[in-house]
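Computed from a predicted model, the values in this text were never measured in an experiment. By convention in this document, chain letters (A, B, ...) are assigned in the order of the sequence lines, proteins followed by strands, and residues within each chain are numbered from 1. As a basis for the values below, the full set of heavy atoms in this structure was taken, side chains included, without hydrogen atoms, waters or symmetry mates.
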Amino acid sequence: MGEEISLEHRFQAYVDADNKVEPKDWMPEKYRKTMIRQISQHAHSEVVGMLPEANWITRAPSLRSKLILLAKVQDEGGHGLYLYSAAETLGISREELLDDLLAGRAKYSSIFNYPTLSWADMGAVGWLVDGAAIANQVMLCRTSYGPYARAMVRICKEESFHQRQGYEIMMHLAAGTPDQKAMAQDALNRWWWPSLMMFGPPDDQSPNTAQSMAWRIKRKTNDELRQEFVDKTVPQVEFLGLQVPDSDLKWNEARGHYDFGPIDWEEFFQVVGGNGPCNKERLAARQKAHDDGMWVREAALAHAKKRAAASAASNDLKTSAA
Amino acid sequence: MKWATCDLADYALRKADDTLVLGQRLSEWCGHGPVLEQDIALTNVALDLIGQARGYYQMAAAWRADGSTEDDLAYRRDAHLFGNHLLVELPNGHWGDTLARQFFFDAYNFFLLEQLSKSPVEEISALAQKAYKEVSYHAQFSAEWIIRLGDGTDESHAKIQQSVNRLWAYTGELFEDTDLDRKLDGAVPLPSTLRADWLQKMREVFALATLELPDPNAYMQKGGLHGRHTEHLGYILAEMQYLPRAYPDAKW
């Protein structure tokens, strides 16, 4: 007991000094569990997050935009891979993590439970959703767990590219025909508030924030990140000539920040709890891919075993011949 | 140049349609693959094919010299003007169906591009040389999957054999010589000259996969090169072309 306390003190001093925790280092069990939860949620978000955008790949309106979107969704899959690998360094397998997702025990970012209804959503998702994700992820590049921080550096580079691509779609639409501009405004109306919710509940209702800040997993609170996002994004909306769907939004000279209206946290908790517009469809799509892929994975495994056995047998022959 | 640019344009369009329609089909898998690594790998193939399609459409647009763009050609032509092979428009089915379709096409495309890389028409040889490198990888990827599924479990063996049998009737068209190919003699290979190499590749891979090769002389479905397609192409285009058709004045 006394030893455990002193190890925890040493761990705290270690992360306080901005050192990175590596897979083989001692860490409090709760830190390990928190990291598994957070990294796997992040990995699941990348993989489930492929679905709403993949929804428009076959309908992309030009060959160029089709290639960009396809490559983007593929990048999200790649991010899922790095993140599952980072989670595996904590002593859990990708299969276990996927089981947790499919059984509904693991969460993923709630934003992906909203539908993508028009091509403008490909712009809004890239610009706002990836934008909100980047705000969080830039902070995570300095997170205390080494493999997570390193995965995040690479992911951030690609995400900022995605965000520019999303904004480019919005610029084309906003400068296009009246129909296109209306499409852009409609997408902004639907994605604005869910994007603000992406930073999580307000600080006074966020149960994990204090411990995560102490362990330097998080470096900024939900509300700080949300404010930064609003401050950065409002001028971008103005540049597009669109309207933020918030009548309370105004610049507060004294604070040096934008004030914005109340967030509908009831909606947030309902969506997190499984009642969003697409929760069931998203999980069903993952479940179907998993089930339909079962015979394929089994075949690959069986073939690999046959290959290994054949190569072992041929090595035996060579040895006995020698 | 001894070949008519309108013929070269038509030829480029056929290749563009093949690669676009197959790329479009493969892109339907994105996010739904059997395992993340393979989802990513198949999307790579889709990206390469759509990239090749852009190259062919740009080439066709330049030869047509009628002001049309790559997107006009991809998004503003109706099904009967598409000149792709029937094989590439068939639905994805399960992973085995998709990979059997892919292997048939990749092996054909590989031997085709090998010849096109040597074309005296510079535009064609330049594109073919780049595409050849990509397609060498595609053909390896799909062949490995045929072998893995054929020589995997009893279930996968039965499934991939069924896929192969079902799709076989759509392979004959890959080697159909048309007037257009004959008019372009010397610039592009006659498709029938690719058949022996293709069949040899089938035999090699099927042997490793412990699969039976269907009868090479079986009755074959045709029509795609002449604009007579399966019922599937109309739906592919309805989906793919919807935005430019619904908003004809918009730029994207």
What part of [X] is in contact with chain B, defined as an atom under 4.5 angstrom from a non-hydrogen atom: side chain, backbone, both or neither?
| X | result |
| --- | --- |
| A/V48 | neither |
| A/M171 | neither |
| A/L51 | side chain |
| A/L173 | side chain |

> Of all of A/A302, A/P61, A/A289, which one pairs up most often with chain B through heavy atoms under 4.5 Å apart?
Replying inline: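 Most heavy-atom pairs under 4.5 Å with chain B: A/P61.
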> Relative to chain B, which of A/I57, A/L70, A/V47 shows the most heavy atom pairs under 4.5 Å?
Replying inline: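 Looking at each of A/I57, A/L70, A/V47 in turn, A/L70 comes out on top.
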>> Would you compute the distance between atom CG of B/L36 and atom CG of A/L81 and round it to the nearest 0.5 angstrom?
In response: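 Answer for the CG-CG pair, B/L36 versus A/L81, is 4.0 Å.
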> Given a strict heavy-atom distance threshold of 4.5 Å, which part of B/I147 is in contact with chain A: side chain, backbone, both, or neither?
Replying inline: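 Backbone plus side chain of B/I147, per the 4.5 Å heavy-atom cut-off to chain A.
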>> Given heavy-atom pairs under 4.5 angstrom as the criterion, report whether the side chain, backbone, both or neither of B/A46 touches chain A.
In response: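 Both parts, heavy atoms under 4.5 Å.
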> Which pair of heavy atoms, one from A/A54 and one from B/C30, lies closest together, and at what distance?
Replying inline: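 It is CB-O, 3.5 Å.
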>> Quick check: closest heavy atoms across A/L67 and B/G51, and the distance to 0.1 Å?
In response: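 Looking at all heavy atoms of both residues, the shortest contact is CD2-N, 4.0 Å.
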Check chain B against chain A and list any donor-acceptor pairs under 3.5 Å.
from   : atom 1 : to     : atom 2 : distance (Å)
B/Q24  : OE1    : A/K66  : NZ     : 2.7
B/Q24  : NE2    : A/T58  : O      : 2.9
B/G31  : O      : A/R286 : NH1    : 2.8
B/P34  : O      : A/R297 : NH1    : 2.7
B/E37  : OE1    : A/R94  : NH1    : 3.3
B/E37  : OE1    : A/R94  : NH2    : 3.2
B/E37  : OE2    : A/R94  : NH2    : 2.4
B/I40  : O      : A/Q74  : NE2    : 2.9
B/N44  : OD1    : A/Q74  : NE2    : 3.0
B/D71  : OD1    : A/L63  : N      : 2.9
B/Y75  : OH     : A/A60  : O      : 2.8
B/Y75  : OH     : A/S62  : N      : 3.3
B/Y75  : OH     : A/S62  : O      : 3.3
B/D151 : O      : A/H303 : ND1    : 3.2
B/D151 : O      : A/K306 : NZ     : 3.3
B/D151 : OD1    : A/K306 : NZ     : 3.2
B/D151 : OD2    : A/H303 : ND1    : 3.4
B/G152 : O      : A/K306 : NZ     : 3.0
B/E239 : OE2    : A/T58  : OG1    : 2.3
B/K251 : O      : A/Q180 : NE2    : 2.8

>> Can you confirm whether B/F141 is buried at CZ, in the sense that more than 12 heavy atoms of other residues, nucleotides or ligands lie under 6.0 Å from that atom?
In response: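 For B/F141, atom CZ is crowded (more than 12 foreign heavy atoms under 6.0 Å).
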> Between B/I160, B/V35, B/I40, B/I236, which shows the greatest number of heavy-atom pairs under 4.5 Å with chain A?
Replying inline: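 Most heavy-atom pairs under 4.5 Å with chain A: B/I40.
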> So which of B/G150, B/A53, B/P244 has the largest heavy-atom pair count under 4.5 angstrom toward chain A?
Replying inline: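 Max contact count across the listed options: B/P244.
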